[in-house]
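Notes for the one structure printed next.
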Number of protein chains: 2
Amino acid sequence: MNSLAEENYLKAIYHLQRELNGDVSTNAIADRMETKPSSVTDMVQKLGEKGLVSYKRYKGTTLTDQGQKIAANVIRKHRLWEVFLVEKLKFHWDQVHDIAEQLEHVHSEELISRLDNFLGNPDFDPHGDPIPDKHGKMKRTEKKLLSELQKNQQGVCVGVKESSGEFLQYLDKKQISIGTKIRVLGKEFFDGSMVILVGKDQFFISKKIAENLYVQTS
Amino acid sequence: MNSLAEENYLKAIYHLQRELNGDVSTNAIADRMETKPSSVTDMVQKLGEKGLVSYKRYKGTTLTDQGQKIAANVIRKHRLWEVFLVEKLKFHWDQVHDIAEQLEHVHSEELISRLDNFLGNPDFDPHGDPIPDKHGKMKRTEKKLLSELQKNQQGVCVGVKESSGEFLQYLDKKQISIGTKIRVLGKEFFDGSMVILVGKDQFFISKKIAENLYVQTS
DNA sequence: TATCATATTTAGGCAAGGCTAAAAAAATAA
DNA sequence: TTATTTTTTTAGCCTTGCCTAAATATGATA
Ligand SMILES: [Mn+2]
Ligand SMILES: [Mn+2]
Ligand SMILES: [Mn+2]
Ligand SMILES: [Mn+2]
């Protein structure tokens, strides 16, 4: 059984490994965990001794297969609980992350398996992120950033890169959610801003917005 | 915000105060928490400084109003989650306690209020125990122990005193659950054992069983 | 009342997870 | 290559909860 702190470190390393594709530096983990590098060193040493990460002094950290499995399972729980909160308890998608941060540490395989079932074995969470199955495998989607689309291309919103409350609330105001069809009516080369069509409304969005919304074309 | 350990102490003191009706001794808490008396002393001193219990050296501990409120809220969460696990996830009533022990420490008023609603604002948990409302008040029932019934009296099972897996599984085997009607066909003065009628089956039960089943007569 | 047993507290330590300050390695600049 | 900056680790300390052993208060007994 791993402690709450260990699980959070494993999760952070998992995400960072994907973002940076490669070894994860001590400082990167410290940044993500909002903790000090010296605390990170302590913890990765311990995780190393437990065989959950491969850590070499001054060289960075990667998850072992076992560590990866544990991290994927925590992420699975996080995302399943988010589905529960939105689908069953009618929370809004910008309200669920902090609660899921707590629920993800409840230990019970039986619980998570029944929850999965109760929710209809969903493949994606309310933010469009894929839910790992019990073996850590998750559906890959051919999503791209809205900012990659050209004028007159369109796509369906399938996820967000950022999922801060501010950003999600912005999307709500603009009536954009998972499943919403978005068409690029115009794109400014200078600053990457766009004019897009959502339902019957057309409006301006900055590059920053376009770089944080995933769409699926096809 | 109280720590997990603090919440567990408050809960234990709450239950003990009701069982012993009065002050709770350091040793009683240590017993219940499966910890050492010296650890209890440390903790009740801290809870005392926080104003959650009234503690005087060598005199025992009682919850303050504030401590009582927090304890009742933890118990509320525990029991609501137990209802969720049984009603929605189809767990069996003897499987839910340990999971609820973890879920009860998830902090979010909004979560528990929505969960309550989702479950239809239940008054009792799967073991027949009353669920405190958000102010800590709970429905009182006129329940008595089956062992208090006389020959030919009958009652409806409304709860269990013990809720160990062994006992609950015994009840299952005998087809007794919340709502089951039980009639006393015979009672042995010598050892308190009984012969009871449950549905069409009649069988023998020991005093120990009869002292752990709550029934409602009338 | 003096003595003995029991309950409780105090003293001193330990492990987990943090932090700060100092040392050491690695990376970058000159 | 040498000097400087940045990154990482080590050393030493803190808090929370827990423990054991020793001290002390309380309560029962003689
Ligand atoms: Mn989340
Ligand atoms: Mn999510
Ligand atoms: Mn329970
Ligand atoms: Mn219960």
Side-chain angles (χ1 to χ4, degrees), chain A residues 1-14 16-17 19-20 22-63 67 70-71 74 101-102 104-107, chain B residues 1-14 16-17 19-63 67 70-71 74 101-102 104-105 107:
Chain A
M1 191 83 342
N2 304 289
S3 74
L4 189 146
E6 289 169 340
E7 289 188 347
N8 282 332
Y9 272 95
L10 292 173
K11 191 162 56 108
I13 296 166
Y14 181 100
L16 286 167
Q17 215 169 291
E19 286 167 32
L20 314 171
D23 287 30
V24 180
S25 75
T26 298
N27 273 7
I29 299 172
D31 252 44
R32 183 62 55 96
M33 301 280 297
E34 297 187 295
T35 186
K36 300 292 165 184
S38 53
S39 305
V40 173
T41 300
D42 280 354
M43 182 55 96
V44 293
Q45 284 175 351
K46 192 173 66 156
L47 293 174
E49 281 159 23
K50 286 182 103 178
L52 303 181
V53 304
S54 145
Y55 159 77
K56 268 163 252 110
R57 269 154 79 256
Y58 295 104
K59 293 288 187 176
T61 302
T62 35
L63 295 175
I70 293 166
V74 175
E101 282 295 312
Q102 300 178 64
E104 73 188 6
H105 301 291
V106 173
H107 291 127
Chain B
M1 191 86 340
N2 305 290
S3 73
L4 189 145
E6 288 168 341
E7 289 189 346
N8 282 332
Y9 272 95
L10 291 173
K11 192 163 55 109
I13 296 166
Y14 180 100
L16 286 166
Q17 216 169 291
E19 287 167 30
L20 313 171
N21 44 83
D23 288 29
V24 180
S25 76
T26 297
N27 273 6
I29 300 172
D31 251 44
R32 183 61 56 94
M33 302 280 298
E34 298 187 293
T35 186
K36 299 292 165 184
S38 53
S39 306
V40 173
T41 301
D42 280 354
M43 182 56 95
V44 293
Q45 284 175 350
K46 191 172 66 155
L47 292 174
E49 281 159 23
K50 286 184 103 176
L52 303 181
V53 304
S54 146
Y55 160 77
K56 269 163 253 110
R57 268 156 77 257
Y58 295 103
K59 292 290 186 174
T61 302
T62 35
L63 294 174
I70 293 166
V74 175
E101 283 294 312
Q102 300 179 63
E104 73 188 4
H105 301 290
H107 293 292

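Chain letters run A, B, ... following the sequence lines, proteins first, then strands; residues in each count from 1. Because the structure is predicted, anything quoted here is derived from the model rather than measured. Computation of the quantities below employed the complete heavy-atom set of this structure, encompassing side-chain atoms and omitting hydrogens, waters and symmetry-equivalent molecules.
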Q) Is there a side-chain polar atom (N or O) of B:Ser39 under 4.0 Å from OP1 or OP2 of D:dC18? A) no
Q.
Quick check: any donor-acceptor pair below 3.5 Å linking the side-chain of A:Ser25 to the base of D:dT8?
A. no
Q: Indicate, with a heavy-atom threshold strictly under 4.0 Å, whether A:Thr26 touches base, sugar-phosphate, or nothing.
A: sugar-phosphate
Q) Within the structure, does a side-chain N or O atom of A:Lys46 lie under 4.0 Å from either OP1 or OP2 of C:dG17? A) yes
Q. When you check the phosphate oxygens OP1 and OP2 of C:dT9, does a side-chain N or O of B:Tyr55 lie under 4.0 Å from one of them?
A. yes
Q: Name the residue closer to the 5' end of DNA chain C, choosing between A:Lys59 and A:Glu6 according to the nucleotide with the nearest heavy atom.
A: A:Glu6
Q: Please check if the side chain of B:Gln17 supplies one atom and the backbone of B:Leu63 the other of a donor-acceptor pair under 3.5 Å.
A: yes
Q: Measure the shortest side-chain to side-chain distance between A:Met43 and A:Ile29 over non-hydrogen atoms and say whether it is less than 4.5 angstrom.
A: no
Q: Compare side-chain N and O positions of B:Asn27 against OP1 and OP2 of C:dT8 and report whether any pair is under 4.0 Å apart.
A: yes
Q) Between B:Val40 and B:Thr35, which heavy-atom pair has the shortest distance, and what is it? A) CG2-CG2, 3.7 Å
Q | N or O in side chain of B:Tyr9 less than 4.0 angstrom from D:dC18 OP1/OP2 | A | yes
Q | Base D:dT20 to side chain B:Ser38, donor-acceptor N/O within 3.5 Å cut-off | A | yes
Q) Under 4.0 Å between a side-chain N/O of B:Thr41 and OP1 or OP2 of C:dT10, yes or no? A) no
Q: Check whether any side-chain nitrogen or oxygen of A:Arg57 sits under 4.0 Å from OP1 or OP2 of C:dA26, and answer yes or no.
A: no
**Q.** Side chain of B:Met43 - closest among C:dA25, D:dT16, D:dC18
**A.** D:dC18
Q: Looking only at side-chain atoms of A:Lys36, point me to the closest of C:dT10, D:dT8, C:dT20.
A: C:dT20
